[in-house]
Amino acid sequence: MQEKNKRSLGAEKEQLAAEYLKKKGFHILEKNFFCRQGEIDLIAVSPEQELVFIEVKYRSDTRNGFPEEAVNKRKQAKIRKISQIYLYQHPYFMPCRYDVISILGEEIKQIENAFS
């Protein structure tokens with residue numbers, strides 16, 4: 001039961017992040033891109049015509065740290081690997097970057113170029 005609630009909460013926060021990005025002029029290409037290696041929450045094209053791979057992290061409070069702190073070196077490496085698979089399957093010819101959408105309670109923060 002707990003896992004189902006966590007999954008639906010994650011989906012809700014990813015939808016919130018997608019709406020936030022749309023308002024900023026982003027075009028969402030993919031939600032939850034899955035492959036054998038894992039998943040990328042959102043893939044979008046920015047208003048500046050960059051392909052952006054986005055990790056969404058949510059925390060209700062800072063008891064376990066800030067949401068963006070959960071995107072550690074291991075998670076970054078995994079996202080980079082999955083993004084390479086995505087680019088192999090969908091050859092886009094535009095600059096790419098990695099952003100993190102940090103949701104703390106009701107506050108949404110976008111960290112552009114969170115890692116490279």
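For reference, positions follow the sequence shown, starting with 1.
Looking at S102 and F66, their side chains never come closer than 4.5 Å, going by heavy atoms from C-beta outward. In this structure, the side chains of P67 and Y58 stay at 4.5 Å or more apart for every pair of heavy atoms. Between N72 and Q76, the closest side-chain pair of non-hydrogen atoms is not below 4.5 Å. L42 places none of its side-chain heavy atoms less than 4.5 Å from the side chain of L29.
Ring planes of Y92 and Y86: parallel class, angle under 30° (limits at 30 and 60°).
Atom CD1 of I79 is separated from atom CD of Q84 by 13.0 Å, given to the nearest 0.5 angstrom. Between the CZ atom of R36 and the CD1 atom of I85 there is a distance of 8.0 Å, given to the nearest 0.5 Å.
Checking S83 against Y98 by side-chain atom types alone, a donor-acceptor pair falls below 3.5 Å.
Cluster membership for V100 and Y20, using ILVMFWY side-chain heavy atoms within less than 4.5 angstrom, is not shared. No single ILVMFWY cluster, assembled from side-chain heavy atoms under 4.5 Å apart, contains both I111 and V56. Note on L21: it does not cluster hydrophobically with L104, by side-chain heavy-atom contacts below 4.5 Å among ILVMFWY residues. Both V45 and I43 are members of a single hydrophobic cluster when ILVMFWY side chains are connected at heavy-atom separations under 4.5 Å. Follow the hydrophobic side-chain contacts under 4.5 Å out from L51 and you reach F33 in the same cluster.
Minimum heavy-atom separation, I54 to D41: O-CB, 3.4 Å. Across every non-hydrogen atom of G105 and I103, the tightest pair is O-CG2, 3.6 Å. Pairing each heavy atom of C35 with each of I82, the nearest pair is SG-CG2, 3.8 Å.
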- [ ] For side chain to side chain contact (heavy atoms under 4.5 Å, CB included), just list the numbers for I108 and L16, CA-CA rounded to whole Å, side-chain angles, deciding distance to a tenth of an Å, and then say yes or no.
- [x] CA-CA 9 Å; I108 301 175; L16 188 67; 3.7 Å; yes
Task: Candidate pair F53 and L87, rule side chain to side chain contact (heavy atoms under 4.5 Å, CB included), full reasoning - done: CA-CA 11 Å; F53 298 96; L87 287 168; 4.1 Å; yes
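By the neighbour-count criterion of 12 heavy atoms within 6.0 Å, atom NZ of K24 is densely surrounded, having more than that number from other residues, nucleotides or ligands. Surrounding CD of Q89 are more than 12 heavy atoms belonging to other residues, nucleotides or ligands, all under 6.0 Å away.
Just one residue in the list H27, M94, E112, R97 forms a side chain to side chain contact (heavy atoms under 4.5 Å, CB included) with V52, and that residue is R97. Remark: of the listed residues R59, K109, K57, K109 is the sole one forming a side-chain hydrogen bond (donor to acceptor under 3.5 Å, both in side chains) with E68. Screening E50, Q110, E55 for a side chain to side chain contact (heavy atoms under 4.5 Å, CB included) with D99, the sole residue that qualifies is Q110.
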